[in-house]
Amino acid sequence: MKVAVSNPLRRTPLSLIIDDSCPVINKAYYWIQQRHVWRVKHQPDKPPMGWEKHYDKLPLMPNTIPAAFAQAWGEWCGEQGIRGKYSLIPYPAGIGRVDRGFPDFPQREFDEWLRVYREVIWKNFDLTPEMMTHTHVVDLKTWQFTEEWEQVEWADPPLELLTDYIAAAMQLLKDAGFPCEGVTSPGGFGGKKEEAYAQAVLDASLRVNNNPRPFYFLRLDTKNPPRVPIRHAQKDKGIAIASIVSCAGDWFGATGYDTADPDLFITKDLQGGRCVEVLKVGLPCVLTGHWPCFYVNDQIGFKVLKEVKRRLDAYDPDGTKTLWMKNSEIGHYWMARELSDIKLGNWETGKLGEVKIATQFPTSNFTLSLDDCAAKRVQVNGNDLRQVQSQRDFRSGTFLVEGKTTFVAFDLKVGETGIAVHG
Ligand SMILES: [Zn+2]
């Protein structure tokens with residue numbers, strides 16, 4: 001008998017990351033406005049780059065996004081089974097604080113937004129800060145803007161401040177009732193010191209939320225096979241941090257006026273596109289979109305998302321190949337996969353074999369493949385798993401035999417787990 005960890009439920013993880021979302025305001029509108037003012041002041045001779053070029057489109061962009069739209073969007077995602085990560089910028093563009101409200105906008109709209117976050121979106125998405133403002137760095141003593149930008153100068157942040165800054169962002173969310181599972185980097189925030197940045201996020205997560213297994217989203221790689229790097233693991237203590245890497249560009253439309261094309265994710269004939277490339281090799285397929293485009297410009301991004309989801313469903317019509325997961329669930333699975341001790345034995349007569357797992361890294365849907373072993377009965381810590389006959393019915397708490405291989409799935413708990421396999 002040979003044992004290996006499979007993908008969760010033998011399905012490839014899918015996940016949707018939404019960046020730049022926050023209560024009440026359209027963050028992109030203020031980002032473009034503030035960046036323009038900053039550029040005129042500091043770099044008047046430098047041509048505009050990236051979103052800076054959209055300054056002329058500001059009259060087309062609303063400065064708010066209604067809570068009612070977020071509710072409709074979140075409910076649609078829920079009905080579709082989509083899971084992922086959704087940002088909650090704590091002090092977006094310095095316009096209002098999530099723990100206090102947005103003084104220039106109706107209180108009712110802010111209250112509604114928090115209700116939608118809590119009751120609709122949180123069910124299926126991790127909520128994370130995307131650091132503090134996603135525009136200017138604030139001075140934590142005065143809460144005033146500095147001339148530095150989170151995603152520009154703080155791609156290479158001052159280390160002594162970094163943990164405090166991340167912890168302050170997490171604290172605002174916690175005070176608003178949303179202890180977070182991880183963080184999102186605004187742009188390349190922390191990107192030039194990734195090891196130190198990962199440590200700072202982990203330290204802040206332990207400090208504010210007592211959460212020893214957070215994640216961060218910083219990297220997007222549209223070319224290479226995606227991985228789930230685990231950093232700063234302390235195996236005996238159950239402490240580690242996962243880097244969630246997105247495999248696709250924002251082809252939903254970003255501000256509402258950028259590339260929006262479902263074919264780049266998955267072509268109409270389901271044969272091409274980045275998703276297909278990644279799903280074929282069984283690696284986590286994590287998509288990223290910026291919140292404004294789902295609403296702005298006649299909901300262009302939402303239309304792309306609906307089409308992409310239709311095609312992904314056609315690619316996997318009976319749900320046997322893919323599994324939508326939150327970012328935190330992917331992180332926890334990969335920690336369990338890499339940081340659990342798995343030993344094989346055949347210690348008692350009458351059994352085909354026995355697997356012993358020792359871990360400090362719990363996860364749901366933990367899935368093992370046992371080669372050279374067609375089991376008739378499988379027990380996890382003395383409890384029988386139910387045998388199923390097809391991949392479609394393969395769930396946590398079941399086992400499936402295909403030829404000479406047995407697949408078992410169960411929720412992995414902290415401590416020792418014993419799996420007895422009977423012939
Ligand atoms: Zn962002």
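Every number for a ligand or one of its atoms is a count from 1 in the order of the listing.
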Which residue pairs satisfy the salt bridge (Lys or Arg N to Asp or Glu O under 4.0 Å) criterion with at least one member in residues 263-276, sequence neighbours excluded?
-> D263-R311, R274-E277
Let me see the working for F69 and F294 under ring-ring contact (aromatic ring centres under 6.0 Å, His included), right down to the final yes or no.
-> CA-CA 9 Å; F69 174 75; F294 294 90; 8.2 Å; no
Polar protein atoms near the Zn ion (ligand 1) [N, O or S; cut-off under 2.8 Å] = D20 OD1, E130 OE2, H134 NE2
Taking the six-membered ring for Trp and the full ring for Phe, Tyr or His, determine whether the centres of F265 and F252 are under 6.0 Å apart.
-> yes
Looking at side-chain heavy atoms only, is the closest gap between L312 and L279 below 4.5 Å?
-> yes
Could you pull out all residues at least two apart from A72 that satisfy side chain to side chain contact (heavy atoms under 4.5 Å, CB included)?
-> none
Please identify each residue that fulfils salt bridge (charged side-chain N to carboxylate O under 4.0 Å, His left out) with D261, with sequence neighbours left out.
-> none
